[in-house]
Amino acid sequence: MERYTTPPRNNWQQAVEKIGFGFHTTNVPYWDETVYYSFRMNEIDRIETATATLWQMCLQAVQYVIDKKLYAQFQIPEFIIPEIENSWNEDLPAIYGRFDLCYKDGQIKMLEFNADTPTSLFEAAVVQWYWLQDFDRSKDQFNSIHEKLVAYWAFLKDYLYREPLYFACVKRSLEDLTTTEYMRDCAIQAGIEACFIFVDEIGWDTTLNVWVDNEGIAMKNIFKLYPWEMMLAEDFGKNIPLDKNRSLWIEPAWKMLLSCKAILPILWRLFPNHELLLEASFDKPFYGSYVEKPIWSREGNNIIMYENGQKTEETRGEYGNTKTIFQTLFTLPQNQGKYAVLGSWIIGQEPAGMGIRESDSPITSNTSRFVPHLIEG
Amino acid sequence: MKKSRAISLVLITAALASCNKHDPENEWTAGDRHVYMRSDTTAEFSPTYHTHMWYRAFRPIGDNYYGMYTHYGYYSDAIAEHSNYGVNYGKSNVIRGGYGSGHLTVSS
């Protein structure tokens, strides 16, 4: 993995906006094509294999959590447990996830798994692909995300109710809207009738006990870019078990086990000393270098980094009162003062591609930049 | 080859990009002519404010009760909440807003 700087395309803003990428710059640049990372094919093969292996390990971990009923360690409310178990046992539709990986000194380590509402999907699938078309279309890229999304929606079509599939996200976030609309785009290309609704417009029919859209029509298939832990904490959460239609939520409820960082100590317990894992526990280590992470947190919020027992980095956020886990420190690779984390995608059951986020600090946050990559040779 | 052979998008994604142009709140000035509107004939009138989410025009709202559809009016995020939902009896069996409170993004 090599880092290169390069002049951006002259018209790069127009180029990315033309394909629907409107949040390339906020208060700080988000899309950064002055930098790219280059990989050899054997490195990509290793990342791909690692992603497939981690996915299988995660599935085993879910089965373990359900068998042992370890829900308390995930702070999951009791009322949703039947939904979790049902969605797992019936293998209800699920489509994607993104492993955050640290690739350094020839080693690949899983940092966490964004299994419920992973973002940067559009950037990874579409924006960096178009960048490569302009930069050097003869080069390859670890990125068949778009093809696999369309193909997997086509596969899932038979497992949905024979009714429209609604796509929902929060208002006032162009990033979330773009990700959701991109997913809807892929579903439409797969032949699915797909509608859009904002999550706060979703209605609950108190007479029929069903979810309804703006016109009062029952919604039975719902893709939501909205995390399960937020759904459960809000007013409508307790309605989920009451739903007479047993609507399909995508991602399904069992995915919240994997998106919770409590899965990291579970994985270490099941696969101790596995080369792709970092040691993790629910208890604070007595010594050494480690990272303390809230089990439910996003965008690098409330992370504390310790080196030799001393606090060296800390981020703020809204998850300060959340239960935490402890993971052995494995600092991101640094190049010219920049730290890079790999986001490796699973679509359906297969590794599908990769995106890279680059930061000025060792903790990846919402100010980290998305940078493209290519494969040499 | 590890990359997609071709990528085509069917939605109007360019319109998404146009959403990021400027802050509409700054357009509201004292000298502007205000437009007063309501989306539901049983609701109160309210001043609008500018919004630029491209498909956030009026959306129909109604009720599909036991297969009988009744159209009540339109919903728009561009006007105040109390102007969207009136006192129409038929709508009282549906509650909204139970999801999405307070979260501006769910990026992870």
Side-chain angles (χ1 to χ4, degrees), chain A residues 17-23 44 114 117-119 125-126 129-130 132 140-147 170-178 181 184-185 188-189 196 198-207 212 214-218 225-227 230-231 234-236 239 259 298-299 366 375, chain B residues 1-21 39 51-56 58-77 81 84-85 90-108:
Chain A
E17 287 173 8
K18 196 169 69 178
I19 54 175
F21 186 35
F23 57 101
I44 294 297
N114 298 283
T117 59
T119 49
V126 177
W129 187 91
Y130 274 99
L132 188 62
D140 201 359
Q141 190 175 70
F142 181 28
N143 180 15
S144 58
I145 298 170
H146 182 80
E147 278 185 353
V170 295
K171 286 174 180 165
R172 299 181 188 87
S173 168
L174 186 56
E175 178 182 359
D176 292 9
L177 177 64
T178 304
E181 285 293 67
R184 190 162 72 101
D185 197 309
I188 289 169
Q189 293 190 50
F196 181 86
F198 286 113
V199 288
D200 68 345
E201 293 173 358
I202 292 174
W204 174 253
D205 189 316
T206 56
T207 305
V212 295
N214 275 320
E215 297 191 75
I217 296 171
L225 189 68
Y226 198 66
M230 290 183 191
M231 289 171 65
E234 295 184 343
D235 293 346
F236 274 0
N239 295 338
S259 64
R298 300 182 163 265
E299 300 238 291
N366 61 357
I375 305 171
Chain B
M1 194 63 106
K2 299 280 190 186
K3 67 179 177 182
S4 295
R5 282 161 296 195
I7 291 181
S8 60
L9 301 170
V10 297
L11 290 176
I12 314 167
T13 45
L16 282 170
S18 71
C19 295
N20 202 32
K21 293 302 183 192
S39 64
T51 187
H52 61 166
M53 295 300 266
W54 61 281
Y55 48 79
R56 194 92 59 76
F58 286 94
R59 297 161 164 276
I61 51 175
D63 186 24
N64 197 47
Y65 198 66
Y66 288 110
M68 293 286 291
Y69 180 69
T70 307
H71 174 68
Y72 292 130
Y74 294 89
Y75 169 90
S76 172
D77 190 50
E81 191 74 4
N84 279 311
Y85 301 112
K91 289 194 291 190
S92 61
N93 59 317
V94 174
I95 52 175
R96 299 181 194 278
Y99 284 142
S101 57
H103 294 286
L104 297 180
T105 179
V106 300
S107 294
S108 64

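Note that the structure is a prediction, hence the values are computed from the model and not measured. So you know, we letter chains A, B, ... as the sequences are listed, proteins then strands, and number each from 1.
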Under the side chain to side chain contact (heavy atoms under 4.5 Å, CB included) rule, what do B:Lys3 and A:Ile375 come out as? Steps first, then yes or no, please. CA-CA 10 Å; B:Lys3 67 179 177 182; A:Ile375 305 171; over 6 Å; no
What's the separation between atom CD1 in B:Ile7 and atom CD in A:Gln189, rounded to the nearest 0.5 Å? 9.5 Å
Identify, with sequence neighbours excluded, every residue that meets side-chain hydrogen bond (donor to acceptor under 3.5 Å, both in side chains) alongside B:Ser4. none
To check you understand the geometry: which heavy-atom pair defines the closest contact between B:Val94 and A:Val212, and what is its length? CG1-CG2, 3.6 Å
Just by distance, do the side chain of A:Asp185 and the backbone of B:Val10 share a donor-acceptor pair under 3.5 Å? yes
Chain B contact via A:Trp129 - side chain, backbone, both or neither, heavy atoms under 4.5 Å: side chain
For A:Met231 versus B:Tyr99, what's the shortest heavy-atom pair and its separation? O-CE2, 3.4 Å
Quick check for you: to the nearest 0.5 Å, what is the distance between B:Met1 atom CE and A:Asn143 atom CG? 12.0 Å
Atom group of A:Ile145 that falls short of 4.5 Å from chain B, counting heavy atoms: backbone
Is it the case that the side chain of A:Asp140 and the backbone of B:Lys2 share a donor-acceptor pair, with hydrogens and angles ignored and the cut-off at 3.5 Å? yes
